[in-house]
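Inspection log for the structure reproduced underneath, given as structure tokens.
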Amino acid sequence: GESVGLHLPTLSVQEGDNSIINCAYSNSASDYFIWYKQESGKGPQFIIDIRSNMDKRQGQRVTVLLNKTVKHLSLQIAATQPGDSAVYFCAETLSGGSYIPTFGRGTSLIVHP
Amino acid sequence: EPEVTQTPSHQVTQMGQEVILRCVPISNHLYFYWYRQILGQKVEFLVSFYNNEISEKSEIFDDQFSVERPDGSNFTLKIRSTKLEDSAMYFCASSLDSGGEKLFFGSGTQLSVL
């Protein structure tokens with residue numbers, strides 16, 4: 001069956017470094033991907049999204065890269081700050097399907113001052 | 001900035017009891033969702049709701065679960081007879097459209113079934 005998963009459950013970085021969080025998906029029909037950030041005690045918050053007709057999209061300090069050939073998604077955070085410490089989830093929705101985001105397991109990002 | 005609000009933030013109940021989790025979605029949103037997250041695990045879809053009816057539901061959303069929009073602002077999740085394995089954080093979300101785009105999540109209700 002289709003699944004969304006993350007390569008690294010925990011990522012520790014120093015403040016100011018760039019962070020890269022990875023996600024693999026298995027369904028080539030998925031056409032819309034979202035990154036969510038979940039801080040402790042809060043619900044997931046939308047960070048950035050990308051459609052399958054793009055391979056890169058940039059936001060403020062964040063960039064999402066999509067490699068459809070290997071079904072890989074990544075979230076890059078520039079100049080990581082302590083406030084970026086959170087669990088990051090990728091989610092996919094399926095073309096022609098329910099458009100209900102299906103979440104992966106999550107990666108915990110820890111930023112050390 | 002508008003936000004989804006959920007009450008209570010914590011709910012403790014005895015196994016077999018009924019619980020109702022409450023949510024107030026963002027006022028101009030049309031699509032409503034419940035997700036749950038068991039500690040340390042991924043966020044799992046339960047149900048989506050549009051135009052006063054369920055539009056999608058997962059295998060988790062069995063006959064013990066129901067949702068309702070009793071008025072123009074509230075969206076509730078009821079669990080009729082709670083089980084130990086229902087213990088989880090329950091998130092309500094809403095969105096303006098149905099394309100899976102930009103769901104806005106509440107802060108969740110932590111349900112503990114004893």
Side-chain angles (χ1 to χ4, degrees), chain A residues 1-10 21 23-27 29-54 57 59 62 64 73 86-108, chain B residues 1-10 21 23-26 29-50 54-61 75 77 88-110:
Chain A
E2 296 82 17
S3 66
V4 178
L6 294 169
H7 292 304
L8 299 173
T10 302
I21 300 171
C23 176
Y25 66 96
S26 58
N27 188 347
S30 294
D31 66 351
Y32 178 61
F33 304 89
I34 314 124
W35 279 101
Y36 285 92
K37 173 186 181 183
Q38 185 179 24
E39 296 175 277
S40 180
K42 297 184 179 180
Q45 295 175 287
F46 173 91
I47 303 173
I48 193 168
D49 58 0
I50 189 167
R51 297 196 178 278
S52 59
N53 61 352
M54 304 172 68
R57 190 164 188 216
V62 294
V64 55
L73 192 70
V87 176
Y88 290 81
F89 295 94
C90 66
E92 65 173 326
T93 57
L94 306 179
S95 177
S98 66
Y99 291 101
I100 302 297
T102 300
F103 284 74
R105 186 160 173 250
T107 292
S108 176
Chain B
E1 184 175 312
E3 60 180 18
V4 175
T5 57
Q6 289 185 244
T7 55
S9 57
H10 293 85
L21 309 183
C23 170
V24 178
I26 294 173
H29 284 186
L30 302 175
Y31 296 84
F32 314 115
Y33 311 82
W34 283 101
Y35 282 77
R36 79 174 186 189
Q37 185 179 30
I38 295 172
L39 184 64
Q41 299 187 23
K42 65 181 182 180
V43 179
E44 301 176 291
F45 169 73
L46 294 178
V47 65
S48 62
F49 191 86
Y50 169 72
I54 292 172
S55 48
E56 295 272 347
K57 61 182 181 178
S58 71
E59 293 178 351
I60 302 169
F61 195 87
F75 179 52
L77 174 69
M89 179 73 86
Y90 287 80
F91 292 108
C92 173
S94 67
S95 65
L96 191 55
D97 60 34
S98 64
E101 299 186 22
K102 295 186 181 179
L103 269 64
F104 289 79
F105 285 82
S107 294
T109 293
Q110 179 64 55

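Just so you know, these numbers use all the heavy atoms, side chains as well, and skip hydrogens, waters and symmetry mates. Lettering follows sequence order; numbering is per chain, from 1.
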(request) Give, for atom OG1 of A:Thr93 and atom CG of B:Leu103, the distance between the pair rounded to the nearest 0.5 Å. (result) 10.0 Å
(request) Please name all residues satisfying ring pair (Phe, Tyr, Trp, His ring centres under 6.0 Å) with B:Phe32, sequence neighbours left out, ordered by chain then number. (result) B:Phe75
(message) Tell me the closest heavy-atom pair linking B:Val43 and A:Phe103, and the distance in Å.
(response) O-CB, 3.4 Å
(request) Report the distance from atom OG1 of A:Thr102 to atom CD of B:Glu44, rounding to the nearest 0.5 Å. (result) 11.0 Å
(request) Would you mind checking which part of B:Gln37 comes under 4.5 Å of any heavy atom in chain A, side chain (CB onward), backbone (N, CA, C, O), both or neither? (result) side chain
(message) Contact between A:Pro101 and B:Tyr35 at the side-chain level, heavy atoms closer than 4.5 Å - yes or no?
(response) yes
(request) First locate atom OG of B:Ser58, then atom CD1 of A:Ile100, and finally report the distance between them rounded to the nearest 0.5 Å. (result) 10.0 Å
(request) Could you go through the side chain to side chain contact (heavy atoms under 4.5 Å, CB included) check for A:Tyr36 and B:Phe105 one step at a time? (result) CA-CA 10 Å; A:Tyr36 285 92; B:Phe105 285 82; 3.7 Å; yes
(request) Sort A:Gln38 into side chain, backbone, both or neither according to what part of it lies under 4.5 angstrom from a heavy atom of chain B. (result) side chain
